[in-house]
Each structure stands twice: as C-alpha cells, then as structure tokens.
Amino acid sequence: VVQPLEAVINRHQPEIIYTHHNGDLNIDHRITHQAVLTACRPQPGSSVKAIYSFEVLSSTEWNTPGSNPFLPSYHVDITTHLDTKRQALEAYALEMLHPPHSRSIDHALALAHHRGHSVGFEAAEAFMVIRILQS
C-alpha cells in the first residue's frame, strides 16, 4: 500500500496532503491514513510540508464513542463555494443518501454551516492538523 503511494508523492512532489481521519469507522479510511503517514515520513528533502485529515459523513461520527474523535483545528471559509460543494456532492450521487441519513447532501451542507458558525464563518470545511513543517 505504501510503496505505490510513495511513488506518486515522489512524482508529483506535493506540499500539502489531505487524508482521512484515523478515527473513522471505515477501516479503509484508517488504513489510508496510516499509509499516508508512512509514505510522508518527515525526511530531509521531502516535499510534504503539511498533512491535514478530514471528516467523512457516516464514517467519522459513527465510530465508537470517545474513540479518537475528530477535533478540527484548521477551518477554511467556503461561504462563497457552497453551490460548488452542492454540485460536487450531486456528482457523487451514487454514494449520497436521502435525509435524514448522515450521508445526505442536506447533512453535508448543514455540517458546513455548523463548522463555519463555530468559528465565525457562514460555512467552513474543517480539518485536523496532523503535521505542519516550516523552515
């Protein structure tokens, strides 16, 4: 799992990596998180300067209560991008379900408003900072 990911990172030299939260109920998400951290070990000459994890509806909030909760510490204002977010979610229609399911477009937009309101924005995407390197 890690070696193909390392090859992609070496080829594209990203400075920022976004990955799943390691506390998700979905085991594939947890393995992805671990693979990203392994592939992005802080080594001299690495292009990766920041790693952020994101939450996934019906996975992050469904894990065992108190087990590695998603605690966002980095918020990006997406107020002017809510229509784009809705369109992206509509393109993902095969995975989206109808309200009141957690993985619905209505809930995703409500979460964006909740994350935004918690930090003074109309809407936001929230991330956990895993690592930031600054020279």
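The residues of the chain are indexed from 1 along the displayed sequence.
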How is the hydrophobic cluster of [X] composed, in terms of its other members, when Ile, Leu, Val, Met, Phe, Trp and Tyr link through side-chain heavy atoms under 4.5 Å apart, directly or indirectly?
{"X": "I27", "result": "I31"}
{"X": "V1", "result": "none"}
{"X": "L111", "result": "L57"}

Please name all residues satisfying side-chain contact (heavy atoms from CB on, under 4.5 Å) with [X], sequence neighbours left out, ordered by chain then number.
{"X": "H117", "value": "H113, E122"}
{"X": "H98", "value": "none"}
{"X": "S104", "value": "P99, D106, H107"}

R103: which residues meet the side-chain hydrogen bond (donor to acceptor under 3.5 Å, both in side chains) condition with it, sequence neighbours left out? S58
Could you tell me which residues satisfy side-chain hydrogen bond (donor to acceptor under 3.5 Å, both in side chains) with Q34, sequence neighbours excluded, listed by chain and number? none
Flag the pair [X] / [Y] as yes when at least one side-chain heavy-atom distance between them is below 4.5 Å, and no otherwise.
{"X": "L109", "Y": "L82", "value": "yes"}
{"X": "V48", "Y": "I9", "value": "yes"}
{"X": "I51", "Y": "T19", "value": "yes"}

Pairs in or reaching into residues 1-10: which pass side-chain hydrogen bond (donor to acceptor under 3.5 Å, both in side chains), with residues at least two apart or in two chains? E6-R41
Return each pair, listed once, that meets salt bridge (Lys or Arg N to Asp or Glu O under 4.0 Å) where at least one residue sits in residues 111-120; pairs must be two or more places apart or across chains. E55-R115
Is there a donor-acceptor contact under 3.5 Å from the side chain of T60 to the main chain of V56? yes
Polar side-chain atom of R30 near backbone of L25 as donor-acceptor pair, under 3.5 Å: yes
Give me each pair satisfying ring pair (Phe, Tyr, Trp, His ring centres under 6.0 Å) with a member in residues 45-66, each pair once, sequence neighbours excluded. Y18-Y52, H20-F54, Y52-Y74, W62-H101
Please tabulate, for side-chain N and O atoms in residues 125-135, each donor-acceptor pair with protein atoms closer than 3.5 Å (sequence neighbours left out).
residue: E125; atom: OE2; partner: K85; partner atom: NZ; Å: 2.5
residue: R131; atom: NH1; partner: C40; partner atom: O; Å: 2.7

